[in-house]
*Asks:* 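My questions all concern the structure below.
Numbers here simply count residues along the sequence, with the first being 1. Note that the coordinates shown come from a computational prediction; the quantities given were computed from them, not determined experimentally.
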Amino acid sequence: MKLNITTKIVFIIFIVIFSFSGFLGWYFIRHERNALRVELDERIISLTNGLAYNSEYYVLTENKEELARLANKLTEEKDIVYVSIRNQEGSLLAEALKGKAGKEPDEKFTRKVLNYQPEYKGDEELILASPQQLRKKVIGHVSIGFSLASFKKKTLEVKKTILWLLVLTIILPTIIIVSLMNRWIIAPIKKLVLATKKVAQGDLDVTVSLRTKDEMGILADSFNEMVHQLQKSYQALQETRNNLETRATELSKAYEKLKETQTQLIQADKMSAIGTLAGGIAHDFNNLLFVILGNASLLKSDLPASEKSQHNLLDNIAISATYGSELTKNLLAFARREKYTLDIMDVNQVIKEIVNLLSHTVEKMISIETHLAPALATVKANAAQIHQAILNICINAKEAMARKGKLTIETKNITLDESYKNTHIDARPGEFVMILISDTGIGMDEKTLHHLFEPFFTTKETGKGTGLGLSVSYGIVKSFKGFINVYSEKNKGTCFKIYIPASKEKLKPKPAVKKQDLSLEGTETIMLVDDNLNILSMGKTFLERYGYRVILAANGEKAAEIYQQKKDAIDLVILDFIMPGWSGQETLEELKKIDPEIKVLIASGYSLDSQEKDLLQKGAKGFLLKPFSMQVLLETVKKILTKT
């Protein structure tokens with residue numbers, strides 16, 4: 001059975017008070033009983049001594065009648081049940097008995113009584129003997145027996161009185177103490193317990209109101225303060241939980257964005273690596289085409305005009321090399337290393353030209369629809385390259401629609417913010433011209449979208465596509481600091497969005513080009529610097545045919561050594577930019593140290609873009625992108641040599 005705190009406290013108080021009262025009761029009962037015994041002893045001693053004194057003469061004279069009268073008279077006293085008078089020899093002289101209560105003690109007990117001290121015979125009688133003396137000589141002794149009935153009655157009455165007092169001393173203090181305990185301790189504890197249960201159940205609005213300034217009041221104040229702190233902690237915990245939930249949601253969204261960004265970043269890295277590979281291939285291929293074009297030009301100049309069939313063969317070689325050059329330009333566009341002339345241009349005009357071209361080539365069941373913004377911003381780009389990028393996507397769209405569908409081209413001005421940048425890895429905030437090209441074709445799955453801009457990737461049958469069209473478009477747009485987004489679903493069509501940074505400049509009329517009539521022959525000394533021996537051989541032969549003296553150097557270190565020795569005789573240096581060992585730039589810097597006024601023409605299979613301007617500032621007089629024709633080479637050389 002479980003006991004509550006009130007029952008426990010009352011029980012403890014009752015035990016304490018009962019024990020204390022019991023001890024007091026025992027003490028007072030014993031004290032009163034002893035007092036009654038002393039009183040009884042004093043009385044029997046007084047009576048015995050008085051009888052002994054009054055009967056001395058009669059004992060001496062052995063007057064039994066008087067002794068009997070004295071004994072009988074004494075038994076009339078309350079509680080005296082036995083009286084005996086004896087002489088010195090112990091012979092009974094007189095005796096008196098009251099009813100059946102008293103009787104003469106036996107001899108053994110009589111001897112015990114003769115010690116003249118009160119002796120109790122059981123719990124019924126008290127007997128005392130007293131000597132009779134005459135001139136200090138004992139002549140006999142008397143004995144008196146007292147009934148203990150009155151003594152026991154008085155003792156019982158004392159016990160009852162004390163017990164009633166004890167009951168009162170137990171009940172009243174217990175009631176008073178319990179009442180005070182309940183008011184000062186139990187009730188506050190109950191309030192605290194009840195409040196604690198409510199707090200445990202989640203109710204933090206509870207308070208304990210105690211106006212006392214004792215420990216219970218301090219405990220209540222501490223409890224209230226604790227609940228207040230719990231409320232603050234709970235509120236903070238709720239705010240933290242809400243923040244965590246918000247943060248978890250944000251982290252979930254951020255994780256999804258991170259996965260998307262990671263996918264885009266991997267794609268960008270892959271495209272960059274493929275671009276680097278494409279650029280390297282283009283560089284070597286340009287050198288090869290340059291040798292082919294140069295040697296074809298040399299052979300053609302050696303043949304008489306009558307050999308028309310041979311001339312035609314050489315022209316075919318030159319045309320094929322030119323087509324190869326266009327393929328190289330596509331690779332360089334993808335690698336973003338092609339050299340472009342950037343002009344302020346109107347994208348709408350380019351799209352009109354493309355639509356005009358497509359209208360004569362696409363099937364009649366494919367409709368072309370345009371929505372061109374009337375106040376479209378200009379862009380700073382190369383019109384021919386923008387034309388190529390858009391046309392490639394349109395051709396892809398046409399082939400995806402299988403002779404039936406709708407091709408839509410739209411332009412608009414658009415502003416991108418930071419939120420758009422966070423979800424598109426190539427994007428950046430700012431003003432853009434958007435070109436939207438959508439079709440109703442077969443669409444693409446996610447796997448195809450991941451490889452869409454990779455060079456040589458195609459879903460077409462062998463012989464029906466090179467896989468360079470979209471990769472070239474991607475490279476062209478990136479070269480103008482733009483980007484492309486593609487949205488497509490299987491059997492639901494495809495939408496390309498091209499973003500090109502908008503320009504605040506207005507369209508300018510193109511200046512008329514003045515043709516220069518230059519003599520292509522010369523007598524100056526030219527040093528050719530290239531790591532390709534075929535280029536050195538072909539270039540030396542070609543330039544010498546036009547009267548130039550030619551010195552060859554297979555690397556930058558050799559070129560610097562030769563120029564140090566023959567700088568006064570060398571009028572022009574034609575320097576390849578990409579070489580093992582010293583690069584073209586390092587070679588240019590070393591040559592400028594030898595002669596700050598040196599004339600250098602840079603030739604490269606790479607388009608140097610931003611580096612070209614830097615090279616011109618450092619002293620280069622011109623730049624030629626391989627492959628170039630011998631005519632262009634001769635014109636450029638003549639222009640540099642004649643320019644003061």
*Asks:* Would you confirm whether T440, through its side chain, and K406, through its main-chain N or O, come within 3.5 Å as a donor-acceptor pair?
*Replies:*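 Between the backbone of K406 and the side chain of T440 there is a qualifying donor-acceptor contact (under 3.5 Å).
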
*Asks:* For a 4.5 angstrom cut-off between non-hydrogen side-chain atoms, does C495 reach L436?
*Replies:*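 The answer is yes; the side chains approach within 4.5 Å.
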
*Asks:* Please report the C-alpha distance between V637 and Y548 in whole Å, then the side-chain angles of each, then the deciding distance to 0.1 Å, and finally whether the side-chain contact (heavy atoms from CB on, under 4.5 Å) criterion is met.
*Replies:* CA-CA 10 Å; V637 168; Y548 293 102; 4.1 Å; yes

*Asks:* Has the side chain of T636 got a donor or acceptor atom that lies under 3.5 Å from a matching backbone atom of V632?
*Replies:*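 Checking the backbone N and O of V632 against the side chain of T636, a donor-acceptor pair under 3.5 Å is found.
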
*Asks:* Please identify each residue that fulfils salt bridge (Lys or Arg N to Asp or Glu O under 4.0 Å) with K593, with sequence neighbours left out.
*Replies:*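 K593: salt bridge (Lys or Arg N to Asp or Glu O under 4.0 Å) contacts with E590.
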
*Asks:* Kindly compute the distance separating CD1 (I476) from CG (N382), expressed to the nearest 0.5 Å.
*Replies:*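 Nearest 0.5 Å value for the CD1-CG distance: 8.5 Å.
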
*Asks:* Check whether the side chains of Q238 and N242 place a donor and an acceptor atom closer than 3.5 Å, and report yes or no.
*Replies:*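 Absent: no donor and acceptor within the cut-off.
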
*Asks:* Would you mind reporting whether L407 and K398 have side-chain heavy atoms less than 4.5 Å apart?
*Replies:*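 No - every pair of side-chain heavy atoms lies 4.5 Å or more apart.
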
*Asks:* Can V600 and T587 be said to form a side-chain contact (heavy atoms from CB on, under 4.5 Å), step by step?
*Replies:* CA-CA 10 Å; V600 178; T587 303; over 6 Å; no

*Asks:* I would like to know whether L376 and N413 meet side-chain contact (heavy atoms from CB on, under 4.5 Å); could you show each step before the answer?
*Replies:* CA-CA 6 Å; L376 191 66; N413 297 316; 3.4 Å; yes

*Asks:* Within the side chain of T378, is there an N or O that forms a donor-acceptor pair under 3.5 Å with the backbone of I344?
*Replies:*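 Between the backbone of I344 and the side chain of T378 there is no qualifying donor-acceptor contact (under 3.5 Å).
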
*Asks:* Evaluate the side-chain proximity of Q631 to L520: yes if any heavy-atom separation is below 4.5 Å, no if none is.
*Replies:*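 In short, these two side chains touch, coming nearer than 4.5 Å.
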
*Asks:* Return the minimal non-hydrogen interatomic distance between A377 and V433, and the atom names on each side.
*Replies:*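 Looks like O-CG2, 3.5 Å.
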
*Asks:* If you define the side chain from C-beta out and look only at heavy atoms, does anything of D576 sit under 4.5 Å from I535?
*Replies:*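 They are not in contact (no side-chain heavy atoms under 4.5 Å apart), so the answer is no.
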
*Asks:* Looking at side-chain heavy atoms only, is the closest gap between I393 and L470 below 4.5 Å?
*Replies:*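 When only atoms from C-beta onward are counted, L470 and I393 do touch, with a gap below 4.5 Å.
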
*Asks:* Enter the distance from L575:CG to W582:CH2 here, rounded to the nearest 0.5 Å.
*Replies:*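 That separation rounds to 11.5 Å.
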
*Asks:* In this structure, are over 12 heavy atoms from other groups packed under 6.0 Å from E446 atom CD?
*Replies:*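 It does not: E446 CD has 12 such atoms or fewer within range.
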
*Asks:* Working to the nearest 0.5 Å, report the span between CD1 of I598 and CG of L591.
*Replies:*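 Answer rounded to 0.5 Å: 4.5 Å.
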
*Asks:* Mark yes when over 12 heavy atoms from residues, nucleotides or ligands other than E245 sit less than 6.0 Å from its CD; otherwise mark no.
*Replies:*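 Enclosed.
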
*Asks:* What do the steps show when you test I526 against D571 for side-chain contact (heavy atoms from CB on, under 4.5 Å), and what is the final call?
*Replies:* CA-CA 6 Å; I526 299 173; D571 300 294; 5.9 Å; no

*Asks:* So does Y420 get a backbone contact from the side chain of D417, meaning a donor-acceptor N/O pair under 3.5 Å?
*Replies:*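 Yes: the side chain of D417 pairs with the backbone of Y420.
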
*Asks:* If every non-hydrogen atom of I386 is compared with every non-hydrogen atom of V350, which pair is closest and at what distance?
*Replies:*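 Smallest interatomic distance, heavy atoms only, reads CG2-CG1, 4.2 Å.
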
*Asks:* If you measure from CG on L634 to CZ on F542, what distance do you get to the nearest 0.5 Å?
*Replies:*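 The distance works out to 4.5 Å.
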
*Asks:* Please round to the nearest 0.5 Å and tell me the distance separating atom OG1 of T240 and atom CZ of R247.
*Replies:*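 Atom-to-atom, T240:OG1 and R247:CZ are 14.0 Å apart.
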
*Asks:* Would you find a donor on one side and an acceptor on the other, under 3.5 Å apart, between the side chain of T408 and the backbone of E369?
*Replies:*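 No; judged by distance alone, with no hydrogens or angles, the pair does not exist.
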
*Asks:* Any salt bridge (Lys or Arg N to Asp or Glu O under 4.0 Å) involving residues 428-440? Give me the pairs, sequence neighbours left out, ordered by first then second residue.
*Replies:*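 Pairs touching residues 428-440 that pass the test: none.
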
*Asks:* Given 3.5 Å as the limit, does a donor-acceptor pair link the side chain of S488 with the main chain of G493, or not?
*Replies:*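 Yes; at least one donor-acceptor contact below 3.5 Å.
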
*Asks:* Just by distance, no angles: are the side chains of E239 and Q235 close enough, under 3.5 Å, to form a donor-acceptor pair?
*Replies:*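 No, no side-chain donor-acceptor pair sits under 3.5 Å.
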
*Asks:* State whether K638 and E635 are salt-bridged, where the test is any N-O pair (Lys NZ or Arg NE/NH1/NH2 against Asp/Glu carboxylate O) under 4.0 Å.
*Replies:*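 Answer for the salt bridge query: no.
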
*Asks:* Which atoms form the tightest heavy-atom contact between Y499 and N485, and what is the distance?
*Replies:*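 Nearest pair, atom of Y499 first, then N485: CE1-ND2, 3.8 Å.
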
*Asks:* Rounded to the nearest 0.5 Å, what separates atom CD1 in I442 from atom OG1 in T494?
*Replies:*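 Reported to 0.5 Å precision, the distance equals 8.0 Å.
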
*Asks:* Under the ring pair (Phe, Tyr, Trp, His ring centres under 6.0 Å) test, which residues partner F432, sequence neighbours left out?
*Replies:*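 So F432 forms a ring pair (Phe, Tyr, Trp, His ring centres under 6.0 Å) with F483.
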
*Asks:* Return the minimal non-hydrogen interatomic distance between S473 and I484, and the atom names on each side.
*Replies:*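 Minimum heavy-atom separation between S473 and I484: O-CD1, 4.0 Å.
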
*Asks:* More than 12 non-hydrogen atoms from neighbouring residues, nucleotides or ligands closer than 6.0 Å to NZ on K592, yes or no?
*Replies:*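 Yes, the 6.0 Å shell around NZ holds more than 12 heavy atoms from other groups.
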
*Asks:* Do the side chain of T370 and the main chain of L372 share a donor and acceptor less than 3.5 angstrom apart?
*Replies:*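 Flag not set: sc T370 to bb L372 has no pair under 3.5 Å.
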
*Asks:* Going by the rule salt bridge (Lys or Arg N to Asp or Glu O under 4.0 Å), which residues pair with E586 if we only count those two or more places apart in sequence or in a different chain?
*Replies:*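 Residues passing salt bridge (Lys or Arg N to Asp or Glu O under 4.0 Å) with E586: none at all.
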
*Asks:* Could I get the full list of salt bridge (Lys or Arg N to Asp or Glu O under 4.0 Å) partners for E418, not counting sequence neighbours?
*Replies:*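 Residues passing salt bridge (Lys or Arg N to Asp or Glu O under 4.0 Å) with E418: none at all.
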
*Asks:* For residues D531 and I578, report the shortest heavy-atom separation together with the two atoms involved.
*Replies:*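 Residues D531 and I578, closest heavy atoms: OD1-O, 3.6 Å.
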
*Asks:* For residues 487-503, which residue pairs qualify under salt bridge (Lys or Arg N to Asp or Glu O under 4.0 Å), counting only residues two or more places apart or in two chains?
*Replies:*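 Found E489-K492.
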
*Asks:* Sub-3.5 Å donor-acceptor pair from the side chain of D530 to the main-chain atoms of N532, do we have one?
*Replies:*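 Yes, the answer is positive, given that a donor and an acceptor are paired below the 3.5 Å cut-off.
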
*Asks:* Could you pull out the closest heavy-atom pair between K621 and I640, with the gap in Å?
*Replies:*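 Minimum heavy-atom contact is CB-CG2, 3.8 Å.
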
